[in-house]
Amino acid sequence: MIEPVIKDLCEHEVIDEAFLADVVQGLSGWPKTLPCKYFYDQRGSELFEQICDVDEYYLTRTEMGMIDYVAREMAQRLPHIGQIVEFGCGNCEKVQRLLDAHPQVDGFVAIDVSETFLLESVKNLSQRYPALTVTPVVGDFMEAQPLPDTAGPRMGFFPGSTIGNLEAKDARRFLYRVGRTLGEGGYLLVGVDTLKDRRILLRAYDDASGVTREFNLNLLRRMQQELGAELTLEQFAHEARFNETKSRIEMHLRSLCDQFIAVGGKYFHLSKDETIHTENSHKYTVERFQDLAASAGWQSRRVWLAEDDMYSMHLLQYEGGVRMTD
Ligand code: SAH
Ligand code: AVI
């Protein structure tokens, strides 16, 4: 006998209606999905920081290892940048390397969905760069966000291979929007993880210490805490898969038994071994990423590759000439 969930929902004072609607929509479809942006509450952001430190997760370490070089070269090429806009800034560590190499930058716009973590990160950043105007924007980078005025040109910054979390059509839409916001001639520096041996990729998303597992399960925990969802965390397993056709790592939550999730006054049945698809991390060759960028109006100006082609950073410039409906 399953208890109705109405009782639980009433105990939660404020429900994030958008979160609830996305959860209900994702669990109503087949296969079941949940949007990966909901990994990131305070705990999710902290877990992501821990992932960045595990041996198997080479992405952050590799990008940090190349960013000073990239920042110096960019400072020579683009000495007039006035404002940097970062999409999904997390702990704001990487932008500090850019700011150190570009002392003329007087504004930083930090966009992220993880509110408390974002506000703490920008507080620390402002203390370190007192002359910098730092504007936190709590919101979804897939939606148009208002940007403060600036005297110098803007540069977009999208590190961490977060672009890999978007399906190709969404990545294209994102790039197009950013291009329209920054305008013709605007620059965007993007970190993109490369396609490589699937064993290295799978390990990076299923680390031995189990931090990535916790990160994946955090989505269900948030549903319990914020939406009053009734589910048993122990009845789900973390699973990382490599999808060869789509050139991406997928994270799933596999149901360990026949069960229901109750949320929003509805019941969602999961068979044993059915999965909820929670995240994609697309891996790009340099050429494939350049083609994607070009399809949204961006031209490649420079590509940096880490040792053994483990990771790439792309400097793009917006040329426009592409029309998409918003
Ligand atoms: N840029 C940082 C953090 C990358 S982790 C780095 O490279 O280390 C991805 C970040 O994007 C997280 O901080 C997460 O909260 C944020 N994020 C994920 N999806 C988002 C979305 N749709 N809109 C805004 N922020 C998002
Ligand atoms: C933020 N993003 C690029 C990370 C990634 O690699 O896809 C999120 C992550 N998921 C599992 N581990 C890290």
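Whatever order the structure lists them in is the order used to number ligands and atoms, beginning at 1.
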### Message
Measuring from non-hydrogen atoms of G44 to any atom of ligand 1, is the shortest distance under 4.0 Å?
### Response
no

### Message
Yes or no: does E93 have any heavy atom under 4.0 Å from an atom of ligand 1?
### Response
no

Without hydrogens or angle criteria, can the side chains of [X] and [Y] be said to hold a donor-acceptor pair below 3.5 Å?
X    : Y    : result
S255 : Q259 : yes
K196 : Y311 : no
D207 : S209 : yes
N216 : T278 : yes
N165 : S281 : yes
S295 : R172 : yes
Y40  : N218 : no

### Query
Taking the side chain as C-beta and beyond, is there a heavy-atom pair between L270 and I276 under 4.5 Å?
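Yes, close enough: below the 4.5 Å cut-off.
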
### Query
Are side-chain heavy atoms of N124 and E120 found at a separation under 4.5 Å?
yes

To the nearest 0.1 Å, how far is [atom] from its closest protein heavy atom, and which atom is that?
atom                    : value
atom 26 (C) of ligand 1 : F141 CE2, 3.3 Å
atom 10 (N) of ligand 2 : E279 OE1, 2.7 Å
atom 6 (C) of ligand 1  : K94 NZ, 3.3 Å
atom 13 (O) of ligand 1 : D112 OD2, 2.7 Å
atom 22 (N) of ligand 1 : D140 OD1, 2.8 Å
atom 4 (C) of ligand 2  : Y57 OH, 3.3 Å
atom 7 (O) of ligand 2  : S281 OG, 2.4 Å

Contact atoms of ligand 1, heavy-atom distance to [X] under 4.0 Å:
X    : answer
G139 : 23 (N), 24 (C)
P159 : 1 (N), 7 (O)
C89  : 1 (N), 2 (C)

Mark up the atoms of ligand 2 that fall under 4.0 Å of a heavy atom belonging to [X], in ascending order.
X    : value
Y205 : 5 (C), 6 (O), 7 (O), 10 (N), 11 (C), 12 (N)
Y40  : 1 (C), 8 (C)
G160 : 3 (C)
M251 : 11 (C)

#### Entry: Within-cut-off N or O pair, T212 and ligand 2, under 3.5 Å
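No; the residue has no nitrogen or oxygen that sits under 3.5 Å from a nitrogen or oxygen of the ligand.
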
### Message
Is it the case that ligand 2 has an N or O less than 3.5 angstrom from some N or O of S161?
### Response
no

### Task
Check W304, F289, F158, Y284 against H314 for a ring pair (Phe, Tyr, Trp, His ring centres under 6.0 Å) and give me the one that passes.
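The single option meeting the ring pair (Phe, Tyr, Trp, His ring centres under 6.0 Å) with H314 is F289.
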
Among [options], closest by any non-hydrogen atom to [atom]:
atom                    : options                : answer
atom 3 (C) of ligand 1  : G88, C52, G160         : G88
atom 25 (N) of ligand 1 : L118, T162, V113, V137 : V113
atom 2 (N) of ligand 2  : D207, T162, N165       : N165
atom 18 (C) of ligand 1 : Y38, Y40, F48, F174    : Y40

### Task
Hey, can you tell me if Y38 and F19 have their rings parallel, tilted or perpendicular (30° and 60° cut-offs)?
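Plane angle under 30°, so parallel.
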
### Message
Can you classify the ring geometry of F141 versus F174 as parallel (below 30°), tilted (30 to 60°) or perpendicular (above 60°)?
### Response
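Geometry flag for F174 against F141: perpendicular rings.
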
### Message
For the 3.5 Å polar cut-off, considering only N or O atoms, please tell me whether N91 and ligand 1 meet it.
### Response
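No, no N or O pair falls under 3.5 Å.
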
### Query
Is Y187 reaching over with its side chain to a backbone N or O of L78, donor-acceptor style, under 3.5 angstrom?
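Judged by distance alone, no pair lies under 3.5 Å.
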
### Query
Does at least one non-hydrogen atom of F39 fall below 4.0 angstrom from an atom of ligand 2?
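No heavy atom of F39 comes that close to ligand 2.
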
### Summary
Q83 and D149 have their tightest heavy-atom pair at NE2-O, 3.9 Å

